[in-house]
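Contents: one structure, followed by commentary.
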Amino acid sequence: MSVDISIKNNLERIKSRIAAAEKKSGRPQGSVKLMAVSKFHPAEAVSQAFEAGQLLFGENRVQEASEKFPPLIAEAPEIEVHMIGQLQSNKVKKAVTFASCIQSVDRLELLQEIEKQCSKLNRSIKVLFEYHTGEDSKSGYTSEVELIKSLEECAEGSFPHIIPCGFMTMAPFTNDEKLIRKSFITLRELSEKLKPQFPDLPLTELSMGMSGDFEIAIEEGSSLVRVGTAIFGERDYTK
Ligand SMILES: *Cc1c(COP(=O)(O)O)cnc(C)c1O
């Protein structure tokens with residue numbers, strides 16, 4: 001099967017821009033992971049990215065992801081998909097059957113549901129805590145107190161099937177680089193403040209940066225960038 005030239009080329013271009021941003025900010029080469037966000041793109045596009053060497057994918061909607069990924073993962077178990085969109089509790093049951101991480105945990109109730117469903121399947125799942133840092137984003141914890149409550153429950157051992165791996169945020173949709181940077185700095189500082197309070201939780205991941213702002217995110221400490229449009233092209237929301 002032939003690899004789609006543009007997806008392959010786009011991945012290569014993004015990877016070299018990531019490497020340049022790592023270098024510019026004095027961070028070790030290869031320290032930033034690249035997630036390919038395949039929402040609204042067909043399974044065929046995911047296969048093409050996989051053939052070009054991409055293993056980590058992100059999806060927003062459980063139904064869409066559950067149609068695309070289980071067949072691909074059955075063929076290639078090294079493929080990982082993370083859920084990155086706002087998640088309703090009634091979608092958790094399905095999500096935990098195929099996702100390796102839920103990056104968009106934004107409330108204690110969601111952790112409780114993830115634990116319940118994972119314990120039924122006797123499987124563990126990684127999670128990130130999404131924190132609201134950008135004015136016009138609607139998702140994520142808006143209260144640090146609530147976030148800390150969730151972390152405390154994790155640290156107390158309430159969720160044996162959940163591995164809390166770090167934090168995620170979305171910058172505001174703006175061209176104002178200062179505002180974007182401020183949002184990434186907010187998440188990094190929050191993470192640096194909370195990590196010592198929860199030394200037994202492996203809170204190493206900082207998931208921040210998308211097609212338009214991933215270089216700024218890397219400069220501010222991102223460990224995982226979520227890139228959709230710059231790899232797969234514009235999304236067709238009418239589908
Ligand atoms: C869609 C989406 C992305 C990717 O956005 P692009 O601008 O297409 O790179 C990243 N993160 C989240 C949470 C998203 O919903």
Side-chain angles (χ1 to χ4, degrees), residues 4 6-7 9-18 21 32-42 45-46 48-49 52 54-66 68-69 80-88 91 95 99-107 110 126-142 165-177 179-181 183-184 186-188 191 205-239:
D4 184 283
S6 67
I7 289 178
N9 287 359
N10 290 345
L11 277 166
E12 272 163 23
R13 251 195 306 273
I14 298 297
K15 282 188 220 164
S16 62
R17 282 171 61 189
I18 290 173
V32 178
K33 294 187 271 286
L34 170 60
M35 160 185 286
V37 178
S38 48
K39 64 186 186 200
F40 290 92
H41 294 283
V46 176
Q48 286 165 2
Q54 181 66 28
L55 299 177
L56 175 61
F57 295 89
E59 285 280 340
N60 274 47
R61 298 181 303 182
V62 174
Q63 186 55 38
E64 180 186 346
S66 74
K68 263 186 253 179
F69 277 89
E80 265 190 74
V81 61
H82 292 187
M83 297 312 303
I84 60 173
Q86 241 172 359
L87 190 56
Q88 290 169 269
K91 303 283 168 64
S100 65
C101 178
I102 294 173
Q103 292 206 357
S104 42
V105 168
D106 60 358
R107 58 197 190 276
L110 193 56
K126 298 181 281 186
V127 304
L128 301 183
F129 299 92
E130 180 172 4
Y131 193 69
H132 178 97
T133 62
E135 274 323 303
D136 40 37
S137 151
K138 288 188 295 292
S139 49
Y141 284 87
T142 50
C165 293
F167 306 93
M168 186 267 247
T169 201
M170 270 170 97
F173 303 105
T174 169
N175 292 322
D176 186 339
E177 191 184 311
L179 282 179
I180 293 170
R181 192 176 291 278
S183 141
F184 295 146
T186 300
L187 192 70
R188 185 194 63 220
S191 150
E205 209 79 274
L206 268 189
S207 170
M208 50 190 207
M210 317 195 339
S211 291
D213 56 25
F214 70 86
E215 279 131 328
I216 305 171
I218 291 171
E219 287 169 27
E220 298 305 338
S222 172
S223 65
L224 189 158
V225 294
R226 310 178 306 266
V227 179
T229 310
I231 295 171
F232 296 110
E234 294 294 333
R235 289 179 283 273
D236 180 358
Y237 292 110
T238 59
K239 276 195 287 195

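All heavy atoms count here, side chains included; hydrogens, waters and symmetry mates do not. When a ligand or atom number is given, it counts from 1 through the structure's own listing order.
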Hits for salt bridge (charged side-chain N to carboxylate O under 4.0 Å, His left out) against K33, two or more places apart or cross-chain, chain-then-number order -> E205
Pair Y141, V105 - check side chain to side chain contact (heavy atoms under 4.5 Å, CB included), show working.
CA-CA 8 Å; Y141 284 87; V105 168; 4.0 Å; yes
What verdict does the side chain to side chain contact (heavy atoms under 4.5 Å, CB included) test give for L56 and L34, after you've listed the backbone C-alpha separation in whole Å, the side-chain angles of each residue and the deciding distance to 0.1 Å?
CA-CA 7 Å; L56 175 61; L34 170 60; over 6 Å; no
Sort out for me which residue in I218, L224, L187, I180 forms a side-chain contact (heavy atoms from CB on, under 4.5 Å) with M208.
L187
Any side-chain donor paired with an acceptor under 3.5 Å for E234 and T229?
no
Sorted by chain and number, the residues that approach ligand 1 to under 4.0 Å with a heavy atom:
V37, K39, N60, I84, M170, M210, S211, R226, V227, G228, T229, R235
Does a salt bridge link E64 with K39, judged by any charged N lying under 4.0 Å from a carboxylate O?
no
